Every structure is written in C-alpha cells, then in structure tokens.
Number of protein chains: 2
Amino acid sequence: MTPSNKVGLRGGDQVSELTASRLSVYLRCLNALDLADVKTVSSRTLAEQFHLNAAQIRKDLAYFGEFGVRGVGYYVKDLKRHLRVILGLDRGVRVAVVGAGNLGLALADYPGFHREGFEIAALFDVERGKVGRKSRGGVRIVDMTEFRKVIKRENIDIVVLAVPAAAAQDVVNVAVAAGIRALLNFAPGTLKVPRGVKLKNVDLTVSLESLSFFLARGESDEGQD
Amino acid sequence: MTPSNKVGLRGGDQVSELTASRLSVYLRCLNALDLADVKTVSSRTLAEQFHLNAAQIRKDLAYFGEFGVRGVGYYVKDLKRHLRVILGLDRGVRVAVVGAGNLGLALADYPGFHREGFEIAALFDVERGKVGRKSRGGVRIVDMTEFRKVIKRENIDIVVLAVPAAAAQDVVNVAVAAGIRALLNFAPGTLKVPRGVKLKNVDLTVSLESLSFFLARGESDEGQD
DNA sequence: TTTTGTGAACTAGTTCACAGCT
DNA sequence: AGCTGTGAACTAGTTCACAAAA
C-alpha cells in the first residue's frame with residue numbers, strides 16, 4: 001500500500017455498485033482518448049460513446065470531487081489519473097486465481113487484467129498433476145495447501161474463484177480466514193461471506209439463460225447489456 | 001396445468017433484466033431441491049437460500065402466471081418445468097462461441113452450459129493454425145469464413161464473443177447479418193447492436209476494478225454481489 | 001458561449017402488509 | 001394455520017433543467 005491517498009469522497013456516503021462499474025468504464029474510455037492524444041472531453045461526448053446520460057457521468061464523478069472545468073469539460077490525463085486512484089489501481093492490485101481448470105487458466109492469462117494494473121501473482125489447484133506446472137502465460141500452479149502462506153507472502157488483494165461449485169464455499173472460507181476482503185466468483189450458486197468482505201459473482205449460466213429468456217419472449221426492442 | 005407452451009405472460013409488460021436473471025437463479029435452486037427429492041417449497045424458504053426477499057420471488061413468478069398454491073407453496077417439479085419453458089430451455093438452446101483463444105476454449109468446454117440444456121454447436125476462429133483442431137471437450141474449431149453458413153445450418157440461437165476487443169464489433173455485425181438475435185460478449189468495450197438484438201456484456205476488467213474500488217474505499221459493510 | 005455541478009422531478013425496483021385461498 | 005398474489009409504500013437510481021463558473 002501507498003502512503004495513503006485518501007480518496008476525497010465528499011460526504012461519507014455509500015457509493016453504489018453501478019457507479020463503481022461505470023467509473024471503470026469511464027477509465028477505459030479515457031485511456032483510449034489519451035492514446036488518441038485528446039486533451040479534454042465533455043460529459044456529453046463521453047456519454048455518446050456508450051449509451052449513457054451526461055448528467056449521470058457528471059454525478060458519478062462529482063461524488064469524488066470537482067474534476068471538471070466549466071465551459072471546457074474534463075482534462076483527459078487529469079481525470080484518468082483521478083479515476084485510477086479512486087479505483088485503487090495506482091498501487092498495482094495483486095490477484096490470485098484459484099482453480100487451474102480451463103477457466104482458471106484462461107483467467108490467469110487474460111491480457112485485459114495485466115494491462116490495467118492487475119498482477120496475477122498466484123494460481124492454485126488441489127490436483128497433484130497440475131501443481132508445479134505453468135499456465136501458457138507462465139503463471140506457476142501452486143498447491144492449495146500453500147494457499148494461506150502464499151496469500152500472505154504475496155500480499156494478495158483479490159481472489160478469483162474458478163473452482164467447481166461444490167468447492168467454492170470452502171475456498172471462500174479459507175480465503176476470508178487468510179484476510180482476503182474481495183473475491184470474484186465464477187462458480188455457480190450462492191456463497192456466504194461475512195460482513196466486510198466483498199463478493200462479486202459472474203454467473204455464466206445465468207447470463208446465457210437470461211439471453212435465452214429474451215429470445216423466448218421475443219422481446220423485440222431490447223438493446224444493451 | 002400446462003398443455004400450452006405459450007408462456008402466459010399476463011399483460012404484455014416488459015420484464016426487467018433483473019427479473020430474468022433471478023428466474024435463472026430460482027431454477028438452479030429448484031433443480032437442487034428436486035434432486036434432494038423435496039416436493040414443495042415456499043417463497044420464504046427459497047428466499048432464505050440466497051439473500052432475497054420472499055415477496056420479490058412471488059412477484060417475479062406472478063409475472064408469468066399463478067404457479068403457487070396458497071397455504072402450501074410451490075410444487076418443485078411443477079415450478080421447475082414452468083421456469084424451463086419461461087427461460088426457453090425446453091427446446092435445447094444452440095450456442096456458438098467465436099474466438100478459440102484461452103477464454104473461448106474454456107467457454108466451449110464449460111460444463112455448466114451443457115448441463116442446463118445449452119448445446120455448444122460451433123467454435124470459430126480466424127487463425128489458420130487453430131482451424132480443424134478441437135477443444136479438449138471435443139468441439140471442432142471452424143474457420144470464421146464458414147460462420148454464416150454454419151450459423152444457419154446449425155440453427156444457432158446465441159453467439160458468445162471471446163475475441164479481442166478490436167474484432168468484436170465486426171463479429172457482431174456478421175452475426176446480426178446472419179440473423180442472430182442474442183449475444184453474450186466477453187470483449188471489453190462498448191458494442192453497437194440494432195434494435196431487436198439483445199447483447200449482454202460480461203466485462204472481466206470492470207468486475208475486478210469495481211472490487212478494487214471497494215477495497216480502496218474500505219467499504220466495511222458490503223456483502224453480496 | 002459552453003459545460004459543469006446539483007437540487008428537484010421522475011422512473012424503476014424492492015419491500016411491506018394484508019386480503020383471500022387452501 | 002400457512003402461504004400466495006398484489007396494491008400501496010418505500011427506496012434507489014436516473015434524467016431534467018438551470019444557476020454558476022470559465
């Protein structure tokens with residue numbers, strides 16, 4: 001961790017999940033703009049990129065400070081820097097993946113993670129045959145018995161679960177006991193976490209089924225997400 | 001009751017994305033209950049499984065008919081069957097994955113899909129070296145030039161995108177032109193689809209970043225999803 | 001002028017609470 | 001008694017619309 005840049009949230013208000021996700025989307029867009037050497041951007045322009053309302057963007061940002069300049073918009077580099085701090089990306093976030101099956105290996109090597117300041121620092125599995133081998137991208141597979149030790153040593157911030165549903169709760173418990181406070185879960189089903197721990201679920205079956213639902217209903221004027 | 005498969009949506013009302021996802025979650029739970037030979041279940045019991053409100057479950061279901069019995073609850077087998085029809089799972093849904101990289105291969109072999117009535121009927125890639133080979137699970141990789149033809153021949157319902165961000169919009173366009181009306185996208189960034197086509201995004205970077213955000217904020221009484 | 005930041009108005013989603021069925 | 005189905009009340013999230021700043 002860094003000396004502590006207290007993210008200047010004005011008012012101790014709870015920030016919603018949806019705002020958090022959008023901040024991440026804004027950052028991606030700013031990266032693209034910065035790369036294209038664009039200097040400033042207005043909430044309107046930003047909103048047009050993804051189908052979003054300009055006021056929403058301004059509100060999301062205004063939660064954390066006044067980053068814009070009236071009549072001008074937002075300075076791309078400046079806002080980008082702020083967002084990286086707000087999202088906690090300034091001090092590289094350290095990630096461990098549990099489960100070295102197809103999905104776990106794919107996640108460990110996923111290029112999008114490494115790019116944005118995440119570091120896949122460990123990959124775990126219980127299977128003897130897998131331990132000691134490496135993912136294509138070169139992440140070494142470690143025995144699950146080493147979990148606690150490695151989590152501590154490597155200062156892991158986030159644990160990604162790519163294990164079978166039946167094993168998921170056990171892994172959560174071990175991770176939480178090891179001091180992990182944020183998990184991204186790809187296993188289907190509902191997991192319990194104690195207060196103070198953040199669990200985010202990505203449920204592939206649910207995603208596909210809800211698409212199937214809309215097909216079945218013939219919802220003919222549905223767009224995004 | 002159920003001779004008719006017309007999903008009896010009462011009132012032509014738009015059903016929300018959130019309701020759709022929850023239906024899928026309910027179905028999973030019912031499958032487990034059925035397997036455990038439980039005959040009936042109340043909205044209360046169902047709600048306790050995942051942290052949800054009983055009235056919400058009743059409302060979600062009531063959208064589609066009166067499936068419950070007052071004083072008793074819902075008959076597990078019966079509700080399960082109804083949900084499968086509502087979600088369009090009764091006639092096996094046919095899925096194609098585009099992109100035979102790590103993620104695409106993992107998705108093509110994902111056991112959770114096959115289990116719930118989805119059929120991975122095709123896997124596409126542009127890379128010469130990959131075409132003709134098979135995923136570990138045995139799904140053959142087909143050249144992207146064959147896309148349209150195979151989509152038609154195999155009666156594909158849903159296309160899953162596991163291609164680099166730069167290629168994603170092109171694939172969407174081709175898929176839409178081939179008559180696809182539902183897509184599940186794993187590529188980062190915003191894609192455009194015409195009206196009448198449903199696009200669902202699973203953005204791994206956004207998921208991780210929003211976890212990082214909550215870590216950075218030290219949100220200490222956050223629980224689920 | 002342009003564009004932000006923000007209260008006020010609105011819309012969507014959730015929970016309550018209870019009548020009515022079994 | 002127990003539990004559903006549902007209007008009414010509430011909460012969260014979004015959009016509008018405008019004063020204030022550059």
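Quick note on labels: first sequence line is chain A, next is B, and so on, each numbered from 1. Since the model is a prediction, treat every value here as computed from it, not as a measurement.
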Closest nucleotide of DNA chain D for B:Tyr74 versus for A:Asp60: which of these residues is on the 5' side?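 Nearest-nucleotide comparison on DNA chain D picks B:Tyr74.
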
Integer-rounded Å distance: [N] [atom2] and [X] [atom1]:
X       : N     : atom1 : atom2 : result
A:Tyr75 : C:dT2 : OH    : P     : 17 Å
A:Leu61 : C:dT3 : CG    : P     : 16 Å
B:His82 : D:dG5 : NE2   : P     : 11 Å
A:Phe64 : C:dT6 : CZ    : P     : 13 Å
A:Glu48 : C:dT3 : CD    : P     : 11 Å
B:Tyr63 : D:dT4 : OH    : P     : 19 Å

Do any side-chain nitrogens or oxygens of B:Ser43 fall under 4.0 Å of OP1 or OP2 in D:dT4?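 For D:dT4, OP1/OP2 do have a side-chain N/O of B:Ser43 under 4.0 Å.
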
So what does A:Ser16 touch, heavy atoms closer than 4.0 Å: a base, only the sugar-phosphate, or nothing?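 Sugar-phosphate contact only - A:Ser16 comes under 4.0 Å of backbone atoms but never of a base.
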
Give a yes or no on whether a salt bridge exists between [X] and [Y], defined as a side-chain N under 4.0 angstrom from a carboxylate O.
X        : Y       : value
B:Glu209 : A:Arg28 : no
B:Lys80  : B:Asp78 : no
B:Arg22  : B:Asp60 : yes

Closest non-hydrogen contact found for A:Phe113 with A:Ile120 is CD1-CD1, 3.9 Å

Centroid separation B:Phe124 to B:Phe147 less than 6.0 Å: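 Here the rings of B:Phe147 and B:Phe124 have centres that are less than 6.0 Å from each other.
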
For every nucleotide of nucleotides 15-22 of chain D, 5' to 3': is a protein heavy atom under 4.0 Å from its base (B), only from its sugar-phosphate (S), or from neither (-)? BBB--BBS

